[in-house]
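See below for the structure under consideration.
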Amino acid sequence: MSPFQIVYGFNPPTPVNHFNSLTKTHCPDNILDDQVNAQKYYNKGRGDVIFVVGEKVLVKRKFFQTNLSKDLISHKLESKNCGPFIITAIHGNNVTHDLVGYPKKHNVFNKDQIVKLYEDSEWLRDEISMPKPEEMDELSYEVESILNHDKIKKMYLVKFKGYPEPEWIKEVDTECEELVREYWNNVQKEQLNSRRGRDNATP
């Protein structure tokens with residue numbers, strides 16, 4: 001019992017009391033119609049993806065953060081999805097996964113947060129891997145010549161064997177002492193020749 005009812009003997013009128021029965025009936029119907037329209041535009045352009053219990057899916061990275069991804073400074077080269085994980089149960093739009101290796105992670109995701117995994121039997125993932133460091137060809141980055149030098153940035157313009165375009169690298173990364181010595185000897189010779197040319201041209 002409210003204080004108003006104790007004093008006056010009846011409950012105070014509310015805005016709902018001013019609505020007639022027809023208005024009260026139309027309000028829930030209008031709310032339901034708005035919800036149906038919102039659902040129609042929300043799902044517009046979306047494909048009806050069907051998931052099955054037991055199949056493998058990937059979870060989008062922004063909905064599945066790991067300790068490794070938090071420690072990264074840049075996420076440009078990080079994969080967009082995590083997984084694969086096996087679906088264990090489906091309840092409407094919510095999908096439950098078997099998160100092996102992540103026991104403390106919440107294992108229920110919405111259908112919009114996961115991606116189907118399409119595996120090709122002819123493409124064996126285990127056979128594709130980077131070679132070990134000791135198996136890499138050390139001559140693939142052999143310096144052929146030094147073309148220029150930037151005193152301000154302390155970098156050399158280096159031409160590598162087998163590569164058409166030269167590349168700027170730092171002085172500390174240049175491990176070819178003979179070519180560096182040869183480059184500076186040539187620079188000194190060119191400076192000396194230019195001075196002699198100017199002296200000879202002076203009347």
Side-chain angles (χ1 to χ4, degrees), residues 42 45-47 49 56-85 97 99-107 109-203:
Y42 182 80
R46 295 189 174 202
V49 182
K56 295 180 180 180
V57 295
L58 301 173
V59 181
K60 296 180 180 179
R61 174 72 64 180
K62 61 181 179 180
F63 302 108
F64 192 89
Q65 293 292 333
T66 61
N67 293 332
L68 179 61
S69 61
K70 291 179 182 178
D71 295 337
L72 293 176
I73 299 176
S74 177
H75 299 271
K76 290 183 179 180
L77 301 180
E78 191 178 23
S79 60
K80 294 183 179 180
N81 304 312
C82 300
F85 303 110
H97 303 77
L99 302 182
V100 179
Y102 303 94
K104 297 183 180 180
K105 282 286 186 181
H106 186 62
N107 62 345
F109 297 92
N110 191 275
K111 288 184 177 180
D112 291 340
Q113 300 174 352
I114 60 177
V115 181
K116 268 185 173 293
L117 176 64
Y118 296 96
E119 292 183 312
D120 189 356
S121 59
E122 298 180 357
W123 181 51
L124 300 179
R125 196 181 288 261
D126 296 336
E127 294 183 359
I128 302 177
S129 60
M130 289 294 293
K132 296 181 180 180
E134 59 269 14
E135 296 178 357
M136 295 182 65
D137 186 8
E138 296 181 357
L139 298 178
S140 59
Y141 293 102
E142 183 179 354
V143 178
E144 181 178 348
S145 61
I146 299 177
L147 306 178
N148 203 346
H149 177 256
D150 191 331
K151 294 182 180 180
I152 299 176
K153 296 182 179 180
K154 297 182 179 180
M155 300 178 69
Y156 287 106
L157 183 61
V158 175
K159 173 69 170 59
F160 292 99
K161 285 187 177 180
Y163 294 88
E165 298 295 333
E167 182 180 353
W168 286 98
I169 62 174
K170 296 181 180 179
E171 292 180 353
V172 294
D173 297 334
T174 308
E175 299 178 354
C176 45
E177 296 181 0
E178 295 183 0
L179 292 178
V180 172
R181 195 179 305 111
E182 181 182 351
Y183 169 76
W184 286 114
N185 290 336
N186 294 333
V187 170
Q188 292 178 358
K189 290 179 181 179
E190 291 179 0
Q191 291 177 352
L192 183 60
N193 293 333
S194 62
R195 289 175 185 174
R196 290 177 178 175
R198 289 196 300 269
D199 293 341
N200 295 332
T202 303

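Computed from a prediction, not measured in an experiment: that's the story for all the values here.
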For the residue pair Val59 and Phe85, what are the closest heavy atoms and their distance?
CG2-CD1, 3.8 Å
Please name all residues satisfying side chain to side chain donor-acceptor pair (under 3.5 Å) with Trp184, sequence neighbours left out, ordered by chain then number.
Tyr156
Asn186 vs Glu182, side chain to side chain contact (heavy atoms under 4.5 Å, CB included): CA-CA, chis, key distance, verdict
CA-CA 6 Å; Asn186 294 333; Glu182 181 182 351; 3.9 Å; yes
Excluding sequence neighbours, so at least two apart, what forms side chain to side chain donor-acceptor pair (under 3.5 Å) with Glu144?
Lys159
Could you tell me which residues satisfy ring pair (Phe, Tyr, Trp, His ring centres under 6.0 Å) with Phe109, sequence neighbours excluded, listed by chain and number?
His97
Between the CG atom in Leu157 and the OG atom in Ser145, the distance rounded to the nearest 0.5 Å is 8.5 Å
Write down the atom of Val115, the atom of Lys60, and the distance for their closest heavy-atom approach.
CG2-CE, 3.9 Å
Using 0.5 Å steps for rounding, measure from the CG atom of Leu192 to the NZ atom of Lys189.
10.0 Å
Of Asn148, Leu147, Val158, which meets side chain to side chain contact (heavy atoms under 4.5 Å, CB included) against Trp168?
Asn148
Sequence neighbours excluded, the answer for side chain to side chain contact (heavy atoms under 4.5 Å, CB included) partners of Lys80 is none
Residues in side chain to side chain donor-acceptor pair (under 3.5 Å) contact with Lys116, at least two apart in sequence or another chain
Glu55
Residue pair Leu58 / Asn81: nearest heavy atoms and the distance that separates them
CB-CB, 3.7 Å
Nearest heavy atoms of Pro84 and Leu117, plus distance in Å:
CB-CD2, 3.4 Å
Among all residues two or more places apart in sequence or in another chain, which pass the salt bridge (Lys or Arg N to Asp or Glu O under 4.0 Å) test with Lys62?
none
